[in-house]
> 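I'd like to ask you about the structure that follows.
Hydrogens, waters and symmetry mates are skipped; everything else that's a heavy atom, side chains included, is used.
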Amino acid sequence: MDKKPIHLGSHQNHFVDIHEVLPEEEEGDEERMIKSEDKADNNNNNNKQQHLMMMNNKAANKESSARKPHHRSFNRQVSLETGFSVLNSEKKAKEYERKATLTRSGTSLGGANGIHALEGRKRDFSMFKTKSTLSKQNSLLPTRNNKEKDHHQLESQNSNGSGGNQDSVNESVPAGRYFDALRGPELDQVKDSEDILLPKDEKWPFLLRFPIGCFGICLGLSSQVVLWRALATSPATEFLHITPGINFGLWLLAVTVLIAVTFTYILKCIFYFEAVKREYFHPVRVNFFFAPWVVCMFLAIGVPPKLAPDKLHPAIWCTFMGPYFLLELKIYGQWLSGGKRRLCKVANPSSHLSVVGNFVGAILASKVGWNEPAKFLWAVGFAHYLVVFVTLYQRLPTSEALPKELHPVYSMFIAAPSAASLAWANVYGEFDGLSRTCYFIALFLYVSLVVRINFFTGFRFSVAWWSYTFPMTTASVATIKYAEQVPCVISKGLALGLSFMSSTMVSVLFVSTLLHAFVWKTLFPNDLAIAITKKKQGKEKKPLKKAYDIKRWTKKALTINNNSVADNKDVAQES
């Protein structure tokens with residue numbers, strides 16, 4: 001029995017593989033569809049050539065035409081099944097998204113199968129360590145091109161205990177991101193809709209919990225050194241007969257605390273430099289990097305007379321003012337042309353810390369005999385104080401730093417004008433009209449805050465509160481200078497009252513700090529502000545493909561198959 005030649009082209013099935021699309025693979029779906037169409041066109045051309053070569057075989061054509069309806073229905077059946085498979089991709093994609101979503105425990109940071117990756121990563125704080133090998137990861141949920149690469153990366157994450165979850169820790173976090181993720185006057189509380197990179201239910205290493213705000217303790221104590229020296233040496237307060245021994249004891253205490261805090265923070269820089277960088281990018285805490293140099297200048301100004309001569313050596317001023325000046329060049333440059341870090345975006349009451357150092361440096365420069373640098377610093381500080389004051393006073397719509405409720409942070413408003421009045425009096429030798437103008441501005445702001453003292457209650461204790469005591473102390477010293485120029489009962493009583501208030505506040509904070517540190521052991525809670533993610537999770541994902549997209553894909557697949565069958569039929573008729 002003769003074997004009839006089989007028409008290969010007539011039996012050629014043309015199917016379009018519709019891949020299931022996960023959220024990470026959506027970008028390449030159009031390219032794959034174009035490739036599928038090109039492949040189908042090539043198959044059609046091959047079929048035409050085969051028909052031309054075997055056009056004399058009538059039996060094969062009859063057999064082919066007899067089987068056409070069967071193949072057409074079979075092609076349509078397969079395409080519909082593929083369409084149903086794609087319809088199910090929405091459910092699978094939603095399931096994938098559910099696994100990738102961060103939980104509010106503060107420990108879930110994985111993508112697909114992220115729950116399994118948590119077990120080995122739960123106590124891993126190496127993402128903030130200096131020169132961490134994990135800092136080269138680019139994002140929290142890296143893009144994967146195929147399932148094999150995804151599976152391989154997840155296995156590596158599980159084996160190492162951590163992986164692509166560092167959210168670019170070594171990269172700068174935009175200033176606006178801190179305002180979006182954090183709340184509170186100090187931007188140290190995480191919003192309910194946000195998550196962090198480290199676990200909340202565990203106690204972090206001590207160095208990670210040690211904030212730059214601890215230098216506020218040094219600010220409060222060093223400013224008290226200046227106050228008690230003024231009380232002991234000023235003619236306006238000589239009736240109090242205050243012994244210089246108080247100034248000497250406070251100076252030793254302030255130096256000891258400064259050495260301890262500085263040594264501890266240097267250790268943090270050595271072992272957790274990535275966390276230090278996070279604090280530097282923080283809109284509020286960046287201002288506390290000025291604090292160590294301001295503290296040193298306060299200690300130099302308030303040094304006990306028996307430990308130093310009346311005129312200090314200029315090298316002291318150069319040592320303390322040099323780093324401060326370089327840092328303010330960086331910060332002021334960002335305020336002027338920093339884009340998202342310009343002043344109207346990051347202004348907050350703590351910004352006065354980056355201004356008040358100019359006035360303190362001017363006072364120290366006058367004490368070492370350099371009046372011209374003192375005048376220069378005073379001019380720079382006063383110009384930027386006006387800009388910061390106006391920005392905060394207007395509360396521009398673009399600034400989200402100021403909350404509606406009051407807080408001790410608002411005492412920072414009185415620091416710069418008080419220090420400006422003292423600096424002008426030291427540079428020019430008298431408490432003249434400009435000094436009094438700055439002093440009266442500070443006094444008015446002081447009174448406007450005192451009359452609203454009931455609004456300052458209800459806030460949890462923080463070491464950052466210490467930095468809010470030195471503005472009160474600076475205002476007290478300015479009042480003592482004013483009482484020297486205008487000696488009367490009112491001025492002397494005001495100087496005594498403000499000095500008592502500032503010393504009482506420092507004493508209360510000192511006792512509270514000791515209790516929180518050694519009795520309750522709650523002085524350094526987990527520093528959640530430095531562990532926010534660089535981008536808000538769950539909002540940057542692209543929308544899933546809808547049902548009408550699946551219908552379009554299935555229609556394309558059926559159209560390609562129908563065109564192929566029609567071409568075969570036309571060729572058969574021509575033969």
> Given the rule in the side chain to side chain contact (heavy atoms under 4.5 Å, CB included) test, do F281 and V286 qualify, once you have shown the distances and angles that lead to the verdict?
CA-CA 6 Å; F281 294 130; V286 64; over 6 Å; no
> Is any side-chain heavy atom of L208 closer than 4.5 Å to one of I530?
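Result yes, sub-4.5 Å side-chain heavy-atom pair found.
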> Y446 vs L498, test: side chain to side chain contact (heavy atoms under 4.5 Å, CB included). Steps then yes/no.
CA-CA 10 Å; Y446 199 134; L498 294 182; 3.9 Å; yes
> Consider only side-chain N and O atoms of Q224 and S503, and report whether a donor and an acceptor are under 3.5 Å apart.
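Checked: Q224/S503 side chains pair up, N/O donor to acceptor below 3.5 Å.
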> Nearest 0.5 Å please: distance from the CG atom of L227 over to the CD1 atom of I480.
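Reported value, rounded in 0.5 Å steps: 5.0 Å.
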> What pairs meet the ring-ring contact (aromatic ring centres under 6.0 Å, His included) rule with one or both residues in residues 292-322, with sequence neighbours excluded?
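Residue pairs passing ring-ring contact (aromatic ring centres under 6.0 Å, His included), neighbours aside: W317-W370.
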> Thinking salt bridges, do D180 and K535 make one under a 4.0 Å N-O criterion?
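Looking at K535 together with D180, the answer is no, because their closest N to O distance does not fall below 4.0 Å.
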> If every non-hydrogen atom of G361 is compared with every non-hydrogen atom of L377, which pair is closest and at what distance?
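In this case the closest contact between G361 and L377 is C-CD1, 3.8 Å.
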> In terms of side-chain heavy atoms, does T513 have a donor or acceptor partner in W466 at a distance below 3.5 Å?
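W466 and T513 do have a side-chain donor-acceptor pair below 3.5 Å.
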> If we ignore hydrogens and angles and just use 3.5 Å, is the side chain of T237 paired with the main-chain N or O of T233 as donor and acceptor?
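No: the side chain of T237 does not pair with the backbone of T233.
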> Measure up the F389 and F413 rings against each other and bin them: parallel (under 30°), tilted (30 to 60°), perpendicular (over 60°).
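F389 and F413: perpendicular rings.
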> Quick check: are there more than 12 heavy atoms from other residues, nucleotides or ligands sitting under 6.0 Å from CZ of F524?
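Buried by this count: over 12 neighbours within 6.0 Å.
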> Testing N426, I363, L434 for side-chain contact (heavy atoms from CB on, under 4.5 Å) with W378, which one passes?
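Exactly one option meets the side-chain contact (heavy atoms from CB on, under 4.5 Å) with W378, and it is L434.
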> Kindly compute the distance separating CH2 (W204) from CZ (F206), expressed to the nearest 0.5 Å.
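Going from CH2 on W204 over to CZ on F206, the span is 14.5 Å.
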> Classify the side-chain pair S421/Y482 by whether it contains a donor and acceptor separated by less than 3.5 Å.
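Result is no, nothing qualifies.
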> With a 4.5 Å heavy-atom cut-off, do T479 and S491 have their side chains touching?
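When only atoms from C-beta onward are counted, S491 and T479 do not touch, as no gap falls below 4.5 Å.
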> Can you check whether L343 reaches V388 side chain to side chain, under 4.5 Å on heavy atoms?
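Result yes, sub-4.5 Å side-chain heavy-atom pair found.
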> Could you check whether atom OH of Y280 has more than 12 heavy atoms from other residues, nucleotides or ligands sitting under 6.0 Å from it?
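Enclosed.
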> Evaluate the ring planes of Y385 and F382, with Trp represented by its six-membered ring, and classify them as parallel (under 30°), tilted (30 to 60°) or perpendicular (over 60°).
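Aromatic pair Y385/F382 classed tilted.
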> Please check if any side-chain donor atom of T533 sits under 3.5 Å from a side-chain acceptor atom of R177, or the reverse.
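Yes, a side-chain donor-acceptor pair sits under 3.5 Å.
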> Quick one: which of R285, K200, R278 gives a salt bridge (Lys or Arg N to Asp or Glu O under 4.0 Å) with D527?
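Answer after filtering R285, K200, R278: R285.
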> Do the side chains of L198 and L528 get nearer than 4.5 Å, heavy atoms only?
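When only atoms from C-beta onward are counted, L198 and L528 do not touch, as no gap falls below 4.5 Å.
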> Indicate yes or no: at least one non-hydrogen side-chain atom of L307 is less than 4.5 angstrom from one of W251.
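Of all side-chain heavy-atom pairs linking W251 with L307, at least one is under 4.5 Å.
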> For the residue pair A362 and V427, what are the closest heavy atoms and their distance?
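Distance-wise, the nearest heavy atoms are O-CG2, 4.2 Å.
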> Quick check: does any side chain N or O of T474 sit under 3.5 Å from a backbone N or O of A419, one acting as donor and the other as acceptor?
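No.
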> Checking K129 against F271: charged group under 6.0 Å from the ring centre and within 45 degrees of the axis?
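Judged by the rule (NZ or CZ under 6.0 Å from the ring centre, within 45° of its axis), K129 is not positioned above F271.
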> Decide yes or no for Y265 and F215: does some side-chain heavy atom of the first lie under 4.5 Å from some side-chain heavy atom of the second?
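They are in side-chain contact.
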> Do S366 and N371 touch side chain to side chain, with heavy atoms closer than 4.5 Å?
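In short, these two side chains touch, coming nearer than 4.5 Å.
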> Classify the ring geometry of W520 against H516: parallel below 30°, tilted from 30° to 60°, perpendicular beyond 60°.
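The rings of W520 and H516 stand perpendicular, inter-plane angle above 60°.
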> Between E186 and W465, is any pair of side-chain heavy atoms under 4.5 Å apart?
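Yes, side chains in contact.
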> Quick test of your reading: applying ring-ring contact (aromatic ring centres under 6.0 Å, His included), list the pairs with at least one residue in residues 325-347, sequence neighbours left out, ordered by first then second residue.
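Checked against ring-ring contact (aromatic ring centres under 6.0 Å, His included) - neighbours excluded - the pairs reaching residues 325-347 are Y332-W335, Y332-H384.
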> Just how far is it from atom NE2 of H352 to atom CG of L392, taken to the nearest 0.5 Å?
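Reported to 0.5 Å precision, the distance equals 5.5 Å.
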> Of all heavy-atom pairs between K191 and L182, which one has the smallest distance, and what is that distance?
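That would be CE-O, 3.3 Å.
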> Applying salt bridge (Lys or Arg N to Asp or Glu O under 4.0 Å) as the test, list every pair that has at least one member in residues 245-272; sequence neighbours left out.
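For residues 245-272: K268-E279.
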